[in-house]
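A quick note: this is a predicted structure, and the numbers were derived from the prediction, not measured.
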Amino acid sequence: MSKERARLRAVRQAEAEREKAARARRVARRQRRRVLLRRLTPRLPDRRTGRLFARRSRAERAGVAVLSIAALGAIWFLVDDLGLRLALIVLLLLVLPAVVVVALGRRI
């Protein structure tokens, strides 16, 4: 009885070792594939600075906001036709990023 249990335990341990080796080969193959993919994939430089709006200073953001609100107010009070008001507001919102880039000289 004791010899039979020892033999069964040896069989179980051998099977566990084979499974462990197979799992290690799968993990190693997966790891090699990941390393290869990382090497082949182009990566952008990490430009995070820890701030939400790091590309513009607080004064620049405030200036853009104030001028935008002033332009919206001017459109709203100086233009009588509602359709033209809405068209000019949409145009302002579409052109604003380009104006900021040209005025401040950096990308948004």
Contacts table for residues 79-88: side-chain donor-acceptor under 3.5 angstrom, sequence neighbours left out:
| residue | atom | partner | partner atom | Å |
| --- | --- | --- | --- | --- |
| R85 | NE | W76 | O | 3.2 |
| R85 | NE | V79 | O | 2.7 |
| R85 | NH2 | W76 | O | 3.2 |
| R85 | NH2 | V79 | O | 3.2 |

Taking the hydrophobic residues Ile, Leu, Val, Met, Phe, Trp and Tyr, and joining any pair whose side-chain heavy atoms are under 4.5 Å apart, which ones share a cluster with L94? V90
Residues sharing V35's hydrophobic cluster, by side-chain heavy-atom contacts under 4.5 Å among ILVMFWY, directly or via others? none
For T41 against L37, the heavy-atom pair lying closest together: OG1-O, 2.6 Å
Set of residues satisfying side chain to side chain contact (heavy atoms under 4.5 Å, CB included) with respect to L36, sequence neighbours excluded: R39, L40
Identify whether V99 and L91 are in the same connected component of the hydrophobic contact network (ILVMFWY, side-chain heavy atoms under 4.5 Å). yes
List the atom pairs, donor and acceptor, that lie under 3.5 Å between side-chain atoms in residues 2-30 and the rest of the protein, sequence neighbours left out.
| residue | atom | partner | partner atom | Å |
| --- | --- | --- | --- | --- |
| E4 | OE2 | R7 | NH2 | 2.7 |
| E15 | OE1 | R18 | NH2 | 2.6 |

Connected via hydrophobic side-chain network under 4.5 Å: L104 and L96: yes
